Every structure is written in structure tokens, then in C-alpha cells.
Colleague: 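I have a structure here, written as C-alpha cells, and I will follow up with some questions on it.
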Amino acid sequence: MHDVSQTIVAPAAAAAGGARAIVRISGPRTVAILQEIASISVPADRRPAVISAVIRLTLGRTNLAEVLPVEIWLWPTARSYTRQPLAEIHLPGSPPLVELVIERLLAAGARLAQPGEFTLRAYLAGRLDLLQAEAVLGLIDARDESGFQAALAQLAGGFSTPLETLRGELLDLLADLEAGLDFVDEDLDFVSNAEVQRRLGAAEMQVAELLQRLASRDANQSLPRVVLLGSPNAGKSQLFNALVGETAAIVSSIAGTTRDYLRGPCDCDGLAVELIDTAGIEMLDHVEISPAGLAQQKTDGQRAQADLQLWCVDLSAKQLQYSDHVAGISSIPRIDVGTKSDLATACHTTTNHLRTSALSGEGLTQLRREIASKLRQQPGEIMASSAARCRGSLAATLAALREARRRAQLAEHDEWLAADLRAALAELGQVTGAVQTNDLLDRIFSRFCIGK
Ligand SMILES: Nc1nc2c(ncn2[C@@H]2O[C@H](COP(=O)(O)OP(=O)(O)OP(=O)(O)O)[C@@H](O)[C@H]2O)c(=O)[nH]1
Ligand SMILES: [Mg+2]
């Protein structure tokens with residue numbers, strides 16, 4: 001995936017629904033490939049330009065050639081997002097048309113992009129640091145306004161610029177110290193001890209402030225919401241209590257016990273989530289303003305806001321219930337959970353549900369693991385985990401800077417001080433993406449949507 005010599009293509013905007021679709025192409029052969037499918041010429045000054053063009057498409061088996069008017073936004077040189085020639089073909093938002101255009105580009109020598117590959121190229125070209133790349137991911141994933149603003153600020157260098165400035169200042173200080181070390185016999189000081197202490201103190205303050213900002217950003221991010229759903233009496237509340245570890249929810253054999261939803265913290269394989277117990281889903285005869293009707297509305301609300309749905313099917317039930325038939329409708333990730341496995345009847349033994357029993361504890365560990373793994377496949381978690389990594393590196397930077405300043409106060413040898421500074425810079429490098437391992441890169445970039 002790190003091979004940047006091929007020219008890649010992918011739909012960049014959701015083709016369905018939108019009035020306009022965008023197909024993005026990037027790589028050394030971008031212009032040549034475009035010229036094969038449309039008659040375009042690159043502006044003489046080789047500046048980015050918007051070009052009106054027509055693409056010839058062959059429709060169906062009739063070999064009927066159709067012309068499709070498009071706009072091509074062309075960055076013919078390395079002055080682009082990916083630092084390679086890049087183009088966006090803007091066309092009417094019709095999925096079949098998008099497919100036809102991509103087919104033509106593939107036939108002309110492009111290959112389909114992997115998820116995140118455009119952004120990976122931008123990152124590899126030094127166009128983005130890791131924090132900014134994550135911000136792109138955050139924009140794709142931003143659920144609410146505040147998340148969107150945070151991602152946007154990050155992309156605009158909200159974190160990167162101060163980090164870069166700080167790195168520059170520390171490098172300057174290190175250079176001054178090392179220059180002094182070279183002339184140690186002449187007892188020549190390039191920078192006074194008071195000056196060193198002042199500059200280290202200033203750097204400390206900046207790192208502490210960044211740590212603070214990272215923490216407040218974290219606080220904005222709520223825990224992933226895992227919602228228990230299913231028929232009345234399916235055993236949701238019992239399971240809720242077992243997973244949360246207290247008897248917070250009322251459990252009873254009377255169907256329709258839970259009315260209001262209940263929330264509780266739950267640890268799933270090291271991942272903190274918010275577990276939500278809801279009223280069982282019923283098919284009511286008429287929309288009524290009754291506790292039962294209102295309970296259904298609340299369940300609907302929780303279901304829609306879930307990051308992950310746990311659809312509970314009572315394995316002891318004699319037949320499938322209404323809610324078991326509607327379980328597959330939502331596009332939100334879900335886990336099918338079989339409850340009361342200790343009472344399981346033959347009717348359900350063939351289903352693919354994760355068998356659990358809140359009573360015997362069967363399957364609960366596996367369920368926690370499954371919840372964590374499903375959530376970890378979602379982008380928000382990557383944001384959180386890399387924020388945690390950044391926090392760790394920033395804290396280590398701060399510690400190294402404090403140690404350096406302590407040495408300066410004690411007027412210890414500059415050699416030690418320089419070593420601390422180098423350690424601080426290495427930690428800072430982890431944050432800005434100057435030092436990154438390949439598997440980490442793959443992990444982050446494979447979470448992007450294709451075309452980003
Ligand atoms: N044997 C056995 N019984 C269970 C288990 N889980 C729940 N039950 C019983 O099933 C009945 C319903 O459990 P609840 O947890 O209240 O069911 P619910 O899905 O919350 O029901 P509503 O709130 O009405 O939607 C109770 O009598 C529980 O004791 C289990 O794992 N094994
Ligand atoms: Mg209940």
C-alpha cells in the first residue's frame with residue numbers, strides 16, 4: 001500500500017443521493033490516463049485548473065457511444081494534496097455513471113485505491129502529519145458539531161503548528177548547547193544558563209498546555225454507546241446487570257418491565273463503553289400516548305443513536321418474536337445475542353447467535369470481547385487510541401524537559417542536558433509523526449473511506 005508509483009482511483013464522494021459525484025485519481029500517470037478517456041490539455045502554466053471536458057462512455061451491449069459532460073479539477077504537478085499529479089472528475093451523482101467512469105480509468109491503466117490511500121500518500125509526502133491525517137478521519141466520522149469543529153481545528157494545524165514551533169525551538173536550543181560542547185575547552189558559552197532555564201521553562205509550559213487541550217478534547221468524546229434491544233422478557237435487563245456488575249435494572253418475568261432506558265458503564269476487554277438497557281420492542285396496535293407507547297419511542301431513540309446494537313433473542317422462547325424479525329433492518333453494527341442459554345430449547349439451537357446466560361455466566365466474556373472488537377473496527381476508537389498515544393508521548397516530553405531544567409538549575413554538565421533534550425525531541429517526534437512505524441500507519445490509514 002505504500003507504493004506510490006501507481007496511479008490510483010476511487011469515488012471520493014458518496015455517489016448515491018448527491019447531485020454530484022466525484023471520482024478522484026492520483027499518481028504519476030494521472031494526466032496521461034485522463035487524456036485517454038477525455039480530450040483535455042494541461043494549461044501551459046501547469047497551474048491547477050478546472051477544465052470542462054467530455055468523457056466517451058460505451059453504454060450496455062449496444063456499443064452506443066455516449067458523451068458525458070464533466071468538470072475535471074486538475075492539479076497537473078506535485079502541488080496537490082498527495083504531492084503527485086491529482087484530479088477530481090465531477091460528474092452527475094449517478095452510481096452507474098460513476099462505475100462506468102471508474103471502469104474506463106481502470107482500463108486506461110489506473111488501479112483502485114485502498115481505503116485511506118490518498119491520505120496515506122499525502123502523509124508519506126510530508127503533506128500531513130499524523131495528527132492531521134487523523135483529523136481527516138475525524139471529519140469523515142464526526143458525529144456532531146463539536147467533533148467536527150475539533151477535527152477541523154486539528155486539520156488546520158490546531159495541534160500541529162504549536163508542536164512544530166515547539167520542536168523548532170527545542171532544536172535551536174539543542175544546537176546552541178551542542179555548539180557550546182564543541183568549544184568546551186575554550187569555555188565559550190553560546191547560551192547562558194539563565195537563558196537555557198528560561199527557554200526550557202517556556203517549552204514546558206507549551207507542552208503542559210497541549211496536554212490540557214488534548215484532555216479537554218477527550219472529554220468531548222463520549223463513550224461508545226452499546227444498546228441492548230429485543231423483545232419484552234428477552235432477558236435484556238438481566239444481561240445489563242450481569243455486564244455492568246450491579247443490579248441496577250429491575251428484572252422480572254412480567255413482560256414490559258423496563259420502560260425508561262437505563263445507562264451503565266461497562267468494561268469490555270479494556271474498552272470502556274456505555275451500556276444501555278431499553279424497553280422491549282413491541283408491535284403496538286395503535287400509536288398511543290401511554291407508558292408503553294412512550295417507552296417504544298425511547299427505545300427507538302436509543303436504537304438510532306447506538307454505536308453498536310446487541311439484539312437479544314430469548315433462546316428459551318418457543319417461537320421467534322416480532323423484534324427478532326426487525327433486527328436486521330438497521331445499518332448500525334450489531335451483535336446477535338442469544339439469551340438464557342441455560343434454558344435453550346431446540347427451536348433456537350441452529351441460529352448463529354452468541355449464546356449467553358446471565359444466570360450461569362456462559363458467553364459473557366466472549367460477548368465483552370466481541371463488543372470491543374466490533375467497536376475497535378470503528379474509526380472513533382482509532383481517534384481515541386491515537387489521542388492516548390499522543391498524550392503518552394507528550395507526558396514523556398514534559399518529563400524529559402523537567403529533568404533538563406533541573407540539571408540546568410543545578411548547573412550540571414551541558415552534555416547531560418543535551419541528552420535530555422534529545423529524549424524530549426524524540427518523544428515529540430512521535431506526536432508529530434516524524435517517527436512512525438509501518439504497522440501503525442497501516443492500522444490508521446486502512447480505517448479511512450476509500451477515496452479519502
Ligand atoms: N434462566 C434464565 N433466566 C433468565 C436469564 N436472563 C433473564 N432471565 C429471566 O427472564 C425474565 C425476563 O428478564 P428481564 O431481564 O427482565 O427481561 P427484559 O428483556 O429486560 O424484559 P423487558 O424489560 O420487559 O423488556 C426474568 O424472569 C429473568 O429472571 C438467564 O440467563 N437465564
Ligand atoms: Mg428489562
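When a residue number appears, it is its place in the shown sequence, counting from 1. Please read all numbers here as calculations on a predicted model, not as lab measurements. Counting convention: from 1, in listed order, for ligands and their atoms alike.
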Colleague: Should you measure from each heavy atom of G280, which atoms of ligand 1 turn up under 4.0 Å away?
Modeller: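 In order of number, 25 (O).
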Colleague: Measure D342 to ligand 1 on non-hydrogen atoms and call it side chain, backbone, both or neither using the 4.0 Å cut-off.
Modeller: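 Side chain only.
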Colleague: Taking both backbone and side-chain atoms into account, decide whether Q238 has an N/O/S atom under 2.8 Å from the Mg ion (ligand 2).
Modeller: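 Within the cut-off used here (under 2.8 Å), Q238 places no N, O or S atom near the Mg ion (ligand 2).
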Colleague: Would you say T339 touches ligand 1, if touching means a heavy atom closer than 4.0 Å?
Modeller: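 So T339 does not count as touching ligand 1.
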Colleague: If you take all heavy atoms of K236 and A279, which pair is closest and at what distance?
Modeller: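 It is CE-C, 4.2 Å.
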Colleague: Decide whether S341 and T356 meet the rule of one side-chain donor and one side-chain acceptor closer than 3.5 Å.
Modeller: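 The criterion, which ignores hydrogens and geometry beyond distance, is not satisfied for T356 and S341.
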Colleague: Check each atom of ligand 1 against the heavy atoms of T257 and keep those under 4.0 Å away; list them by number with element.
Modeller: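 Matching atoms, with element in brackets: 22 (P), 23 (O), 24 (O).
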Colleague: Any N or O on S237 sitting closer than 3.5 Å to an N or O of ligand 1?
Modeller: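 There is such a contact, yes.
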Colleague: Tell me which protein heavy atom sits closest to atom 12 (C) of ligand 1, plus the residue, atom name and distance to 0.1 Å.
Modeller: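 Its nearest protein heavy-atom neighbour is N233 OD1, 2.9 Å.
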Colleague: How far apart are the closest heavy atoms of K340 and N233, and which atoms are they?
Modeller: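 Smallest heavy-atom distance, with atoms named: NZ-O, 2.8 Å.
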Colleague: Of all the non-hydrogen atoms in the protein, which one sits nearest to atom 23 (O) of ligand 1, and at what distance?
Modeller: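 Protein heavy atom at minimum distance: T258 OG1, 2.7 Å.
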Colleague: Taking the minimum heavy-atom distance to atom 31 (O) of ligand 1, which of A358, G338, G361, S231 ranks first?
Modeller: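 Checking each option, the heavy atom nearest atom 31 (O) of ligand 1 is found in A358.
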Colleague: Would S237 count as a contact for the Mg ion (ligand 2), in the sense that one of its N, O or S atoms lies under 2.8 Å from it?
Modeller: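 Yes, within the cut-off.
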Colleague: I need the atoms of ligand 1 closer than 4.0 Å to a non-hydrogen atom of Q238, numbered in the order shown.
Modeller: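 That gives atoms 6 (N), 7 (C), 8 (N), 15 (O), 28 (C), 29 (O) of ligand 1.
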Colleague: Among all protein non-hydrogen atoms, which one is nearest to atom 25 (O) of ligand 1, and what is the separation to 0.1 Å?
Modeller: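 The protein heavy atom lying closest is K236 NZ, 2.9 Å.
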Colleague: Around atom 10 (O) of ligand 1, find the nearest protein heavy atom and jot down its residue, atom name and distance.
Modeller: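 Atom 10 (O) of ligand 1 sits closest to the protein heavy atom K340 NZ, 3.0 Å.
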Colleague: Please could you name the atoms of ligand 1 that S252 approaches to less than 4.0 Å, counting only its heavy atoms?
Modeller: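 Those qualifying, in numeric order: 11 (C), 12 (C), 13 (O), 16 (O), 26 (C), 27 (O).
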Colleague: Just verifying a value: how many Å separate I8 CD1 and L112 CG, rounded to the nearest 0.5 Å?
Modeller: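 Those atoms lie 10.0 Å apart.
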Colleague: Considering only non-hydrogen protein atoms, determine which one is nearest to atom 17 (O) of ligand 1 and report residue, atom name and distance to 0.1 Å.
Modeller: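 Protein heavy atom with the smallest distance to atom 17 (O) of ligand 1: G235 N, 3.1 Å.
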Colleague: Could an N or O of ligand 1 be found under 3.5 Å from any N or O of A279, whether backbone or side chain?
Modeller: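 No, since none of the N or O atoms of A279 sits under 3.5 Å from an N or O of ligand 1.
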Colleague: To the closest 0.5 Å, what do you measure between CG (L243) and CZ (R368)?
Modeller: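 That separation rounds to 5.0 Å.
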Colleague: Can you tell me how far CG of D269 sits from CG of L375, rounded to the nearest 0.5 angstrom?
Modeller: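 Between L375 CG and D269 CG, I get 11.0 Å after rounding to 0.5 Å.
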Colleague: With a 4.5 Å limit on heavy-atom distance, are the side chains of I55 and I89 in contact?
Modeller: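 Yes, side chains in contact.
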Colleague: Got a second to check how far I102's CD1 is from L97's CG, nearest 0.5 Å?
Modeller: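 Output value for this atom pair is 11.5 Å.
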Colleague: Quick one: nearest non-hydrogen protein atom to atom 24 (O) of ligand 1, plus distance?
Modeller: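 The answer is G256 N, 2.7 Å.
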Colleague: Looking only at distance, does V251 have an N or O less than 3.5 Å from an N or O of ligand 1?
Modeller: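 For ligand 1, there is no N or O atom that lies under 3.5 Å from one belonging to V251.
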Colleague: Output yes when the distance from some N or O of ligand 1 to some N or O of L343 is under 3.5 Å, and no in every other case.
Modeller: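 No; the residue has no nitrogen or oxygen that sits under 3.5 Å from a nitrogen or oxygen of the ligand.
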Colleague: How many angstroms lie between atom CD of E204 and atom CG of L166, to the nearest 0.5 angstrom?
Modeller: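 Reported value, rounded in 0.5 Å steps: 11.0 Å.
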Colleague: The test is side-chain contact (heavy atoms from CB on, under 4.5 Å); show your working for E88 and E71 and say whether it passes.
Modeller: CA-CA 8 Å; E88 286 180 2; E71 250 180 16; over 6 Å; no
Colleague: Hey, which of T257, N241, T258, L239 is the one that makes side chain to side chain contact (heavy atoms under 4.5 Å, CB included) with V251?
Modeller: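 Passing option: N241.
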Colleague: Answer yes or no: is there a side-chain heavy-atom contact under 4.5 Å between I371 and I335?
Modeller: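 Answer yes - side chains close enough.
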